[in-house]
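Working notes for the structure below.
This one's a predicted model, so the numbers in the text were calculated from it and none came from an experiment. All heavy atoms count here, side chains included; hydrogens, waters and symmetry mates do not. Just so it is clear: chains get the letters A, B, ... in the order the sequence lines come, proteins before strands, and each one is counted from 1.
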Number of protein chains: 2
Amino acid sequence: MAVLDIQFTSHDCGSCPIRHRAVCARCDDDELARLEEIKYYRSFEPGQTLIWSGDHMDFVGSIVSGVATLSQTMEDGRTQMVGLLLPSDFVGRPGREQAAYDVTAVTDLTMCCFRRKPFEHLMETTPHVAQRLLQMTLDELDAAREWMLILGRKTAREKIASLLSIIGRRDASLGLGGPVGDEMVFDLPLTREAMADYLGLTLETVSRQVSALKKDGIIALEGKRRVRVPSYDALLAETGDDSDGGLMA
Amino acid sequence: MAVLDIQFTSHDCGSCPIRHRAVCARCDDDELARLEEIKYYRSFEPGQTLIWSGDHMDFVGSIVSGVATLSQTMEDGRTQMVGLLLPSDFVGRPGREQAAYDVTAVTDLTMCCFRRKPFEHLMETTPHVAQRLLQMTLDELDAAREWMLILGRKTAREKIASLLSIIGRRDASLGLGGPVGDEMVFDLPLTREAMADYLGLTLETVSRQVSALKKDGIIALEGKRRVRVPSYDALLAETGDDSDGGLMA
DNA sequence: TGTACCTGTTGATCTGGGTCAAGGCACCCC
DNA sequence: GGGGTGCCTTGACCCAGATCAACAGGTACA
């Protein structure tokens with residue numbers, strides 16, 4: 001069976017030896033072949049904006065490796081990040097001609113692209129692709145709504161703690177960091193400015209609150225970017241959420 | 001042909017005489033009959049919370065008439081609205097057992113419900129239902145991301161102007177208010193407190209900023225709730241967005 | 001070796017919006 | 001009429017976080 005890079009799931013296919021083989025579990029060889037035909041790769045460097053809001057989009061795609069951000073910028077330069085794209089996340093919107101957001105690589109980035117028109121056609125003729133995309137979109141919607149609570153109602157300290165806990169949790173679920181248990185260690189893929197753009201803060205406030213969390217022993221820094229969380233529960237207690245720490249599935 | 005209340009669209013079916021007949025355009029009689037079988041209605045009064053976060057969900061549904069809000073509340077009572085549900089909007093998430101948000105009626109409300117399990121089955125066997133739901137979910141995701149910019153980066157005045165412009169635009173597209181042209185008049189379906197919960201403000205700030213916009217001639221109030229906007233462009237200029245006033249499709 | 005640049009930290013000060021409090025208006029029920 | 005009660009407005013004051021500014025590594029390059 002062919003190996004696909006389309007990352008529609010890393011959960012449904014727990015048994016796959018290759019992480020980013022995804023639709024495979026339900027695709028037949030013919031469908032795989034059709035996906036292979038319209039697929040190509042692109043690589044990007046840190047800081048590179050791969051898609052500008054308003055660009056004509058002739059592809060959709062999926063992050064294979066690296067981290068990218070989805071952001072909106074107002075005329076006067078205020079910017080708000082509206083999504084964090086990690087491996088397996090989908091980029092672009094079927095049916096949309098023009099990009100609505102800027103997509104910027106934060107690290108070295110590899111994307112697996114599919115030509116949009118044939119992909120849309122595939123979606124129409126292959127129901128489970130549309131269904132999988134629906135699940136992913138619903139997940140993103142939940143994440144966006146969780147962010148709305150963070151942006152609208154949390155204090156700066158709670159915002160930072162929430163961001164750290166979300167990145168930690170995602171890293172752990174992708175097998176990147178340590179276990180989700182007590183202690184966890186992970187790399188912050190974002191600069192202070194990017195964190196600020198994500199949280200609706202200024203970079204100075206982010207820096208101060210990170211320092212405060214460090215002083216209070218909630219986190220420890222190993223260099224600027226590597227974060228050690230001695231107790232994930234203690235971090236969660238700083239997020240302001242109830243103790244179960246997230247949406248229920 | 002049977003008339004459905006499922007409001008998967010009010011755009012695809014512009015030619016339908018009955019607004020909330022939706023999937024009809026692409027459903028055959030057999031599919032319509034299956035939907036009819038699992039469908040029932042529920043009515044609610046203003047202020048009534050029809051779904052509490054954590055409730056077991058045995059249905060999904062669609063707003064037939066009225067306005068409802070989707071909100072999250074933190075342990076200490078801070079609440080953030082994460083969605084405004086108007087006629088044709090979908091309620092619930094296929095595949096989710098427990099509600100993730102509170103749903104509260106703002107006006108008298110009629111909802112058309114479908115039993116969840118058979119609806120999920122229908123989705124699996126009727127691809128264009130899943131595809132339509134995907135489109136709607138993508139639209140909601142865009143709306144949520146627009147809100148993230150509003151919550152994270154806009155001033156109180158810009159937030160109020162944005163809310164008014166969005167409600168005005170949506171009312172106009174549903175044929176409720178006047179034309180989208182220069183002057184428009186519409187009813188605010190929300191209390192000051194609900195507006196505050198939506199915008200991440202306090203009700204006092206909302207009140208002050210509404211008064212300020214009134215003083216500056218951007219809006220006029222006819223009673224507490226009815227809003228007259230002499231110039232929609234002038235209102236848009238207060239939102240901080242670029243002049244085209246919204247996401248591109 | 002120097003200087004330029006980038007990222008991050010920290011301090012001093014300012015201010016938009018939060019908080020607390022009083023009061024106004026409309027409506028309802030006794 | 002009188003007294004609730006719900007919703008809204010306005011005033012006075014305060015504080016979390018923004019703004020402005022200085023400085024400290026790190027590293028790239030001349």
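You won't find any donor-acceptor pair under 3.5 Å spanning the side chain of Arg192(B) and the base of dG6(D), going by distance alone. Interface remark: the Glu204(B) side chain does form a donor-acceptor pair with the dC20(C) base, using a distance-only criterion of under 3.5 Å. Judged by distance alone with a 3.5 Å cut-off, a donor-acceptor contact links the side chain of Arg208(A) to the base of dG11(C).
In terms of phosphate contacts, Ser207(B) brings a side-chain nitrogen or oxygen within less than 4.0 Å of OP1 or OP2 of dT9(D). Listed pair Ser211(A) / dT10(C) meets the phosphate criterion, a side-chain N or O lying under 4.0 Å from OP1 or OP2. Residue Thr202(A) places at least one side-chain N or O under 4.0 Å from the OP1 or OP2 atom of dA18(D).
Side chains of Thr79(B) and Asp197(B): a donor-acceptor N/O pair is present below 3.5 angstrom, by distance only. The closest side-chain donor-acceptor pair between Ser165(B) and Ser162(B), if any, does not fall under 3.5 angstrom.
In this structure, Lys159(A) NZ and Leu149(A) CG are separated by 10.5 Å, a value rounded to the nearest 0.5 Å. Between the CD atom of Gln72(B) and the CE atom of Met148(A) there is a distance of 8.5 Å, given to the nearest 0.5 Å.
Going from atom CG of Leu213(B) over to atom P of dT9(D) covers 12 Å, rounded to whole Å. In this structure, Leu221(A) atom CG and dT10(C) atom C1' are separated by 15 Å, rounded to whole Å. Taking atom CG of Asp197(A) as the reference point, atom P of dG17(D) lies 17 Å away to the nearest angstrom. For the pair Ile160(A) CD1 and dA16(D) C1', the interatomic distance rounds to 14 Å; values are reported in whole Å. In this structure, CG of Leu199(B) is placed 15 Å from C1' of dG16(C), rounded to the nearest angstrom.
Side-chain proximity of Thr155(B) to dT10(C), dT10(D), dG17(C): nearest is dG17(C).
At the heavy-atom level, Arg225(A) lies under 4.0 Å from the strands shown only through sugar-phosphate atoms. Using a 4.0 Å heavy-atom criterion, one finds that Leu203(B) contacts the bases of the nucleic acid, with or without backbone contacts as well.
Taking 4.0 Å as the cut-off between side-chain N and carboxylate O, Glu204(A) and Arg192(A) do not count as a salt-bridged pair.
Residue order along DNA chain C, read from the 5' end via each residue's closest nucleotide, puts Val206(A) first among Gly200(B) and Val206(A).
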